[in-house]
Participant: 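The structure follows.
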Amino acid sequence: MTKILNFGSLNYDYVYTVHHIVQGGETIASAGMETYCGGKGLNQSIALARAGASVFHAGQVGEEGDQMIELCRESGVDVRYIRKIAGKSGHTIIQVDRNAQNCIILFGGSNRKMTHAFIDEVLQGFEAGDYLLLQNEINEIPYIIDQAYQKGMKIVMNPSPYDEHVEECDLSKMEILMINEVEGEQITGKKDASEILTTLVNQYPDMKILLTLGSKGAIYCIKGQQFIQTAMKVDAVDTTAAGDTFTGYFLDSVLRGLSVEKALQRATAASALAVTRPGAAASIPMNAEVEEML
Ligand code: RIB
């Protein structure tokens with residue numbers, strides 16, 4: 001049976017409710033503060049599991065990271081490849097303003113202490129044809145890509161948050177690239193959605209591309225053929241993890257063999273539900289809720 005391995009971050013998110021995002025030199029009071037389990041890796045594993053996929057998460061937490069492992073386990077994620085190491089877990093400081101917009105400071109912690117030995121040990125459990133999902137919140141991503149590609153694994157990458165490390169990754173080894181407009185511009189230098197897609201298709205003709213456009217929906221592109229999905233209108237409370245929810249539900253749908261149209265609709269409904277709820281992993285809906293919305 002084809003396995004899905006998500007090698008990614010696990011963060012504690014410290015979320016502050018503010019009137020507006022704090023400006024340079026300014027001090028503002030927060031109307032509320034909550035701690036949630038998050039991290040793009042953890043969120044995407046939980047979205048996959050809640051969508052119904054069987055997913056292995058590989059990653060590292062620090063000494064105080066038990067709650068994140070427990071949440072993954074309770075959500076149905078296989079946690080055998082999550083290890084606890086000395087030092088602090090990854091964490092974020094997130095401000096959410098009255099328009100549900102956020103801004104995030106990321107501290108890598110244990111997410112940035114991956115070693116070749118640990119990566120090799122994890123990849124031993126997988127073989128040609130298995131899927132590997134990656135984001136950009138852990139170190140050694142280029143090494144993971146090269147090793148997994150050599151094994152014949154199918155690599156799906158959400159290069160988020162974009163930084164100089166993404167430039168070290170060989171995108172020609174990707175089966176599917178999942179990006180938003182901002183990442184699309186950072187990778188291609190183009191602002192317009194169709195120009196982003198054309199540039200990527202010209203450079204990587206065999207790669208499938210999912211371009212999410214926030215409130216404007218999403219486009220999936222396979223060998224130049226575009227499938228367009230509009231967004232669903234909801235009252236947003238907190239957009240954190242909306243993209244991760246989309247990624248998890250979309251990938252589960254594709255791997256189940258659903259049509260592209262159905263996969264896009266399902267992922268759109270799941271992320272629409274996620275933005276109506278506070279927090280990261282806590283906001284990711286169960287499959288039954290998504291089906292009901294559809
Ligand atoms: O995508 C949302 C996630 O990004 C948050 O949970 C936070 O941890 C940041 O990594």
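Atoms within each ligand, like the ligands themselves, are counted from 1 in listed order. The basis for the numbers below is simple: all heavy atoms, side chains too, and nothing from hydrogens, waters or symmetry mates. Numbering of residues begins at 1 and proceeds along the displayed sequence.
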Participant: For atom CD of Glu292, decide whether the heavy atoms of other residues, nucleotides or ligands shown that lie under 6.0 angstrom number more than 12.
Facilitator: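 No, not enclosed.
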Participant: Going by an N to O cut-off under 4.0 Å, is there a salt bridge joining Lys88 and Glu64?
Facilitator: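 So Lys88 does not pair with Glu64 through a salt bridge.
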Participant: Does a salt bridge link Lys154 with Asp130, judged by any charged N lying under 4.0 Å from a carboxylate O?
Facilitator: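 Looking at Asp130 together with Lys154, the answer is no, because their closest N to O distance does not fall below 4.0 Å.
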Participant: Does a side-chain N-to-carboxylate-O contact under 4.0 Å join Arg50 and Asp252?
Facilitator: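 So Arg50 does not pair with Asp252 through a salt bridge.
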Participant: Could you tell me if the side chain of Tyr12 sits less than 4.5 Å from the side chain of Gln67, heavy atoms only?
Facilitator: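 They are in contact (side-chain heavy atoms under 4.5 Å apart), so the answer is yes.
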Participant: So which protein residues pack against ligand 1 under 4.0 Å, heavy atoms counted?
Facilitator: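 Lining ligand 1: Asn11, Asp13, Gly38, Gly39, Lys40, Asn43, Thr92, Glu137, Thr240, Ala241, Asp244, Ala280.
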Participant: In chain order, what residues pass the side-chain contact (heavy atoms from CB on, under 4.5 Å) check against Val234, with sequence neighbours excluded?
Facilitator: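 Val234 satisfies side-chain contact (heavy atoms from CB on, under 4.5 Å) with Ala272, Val275, Thr276, Met293 only.
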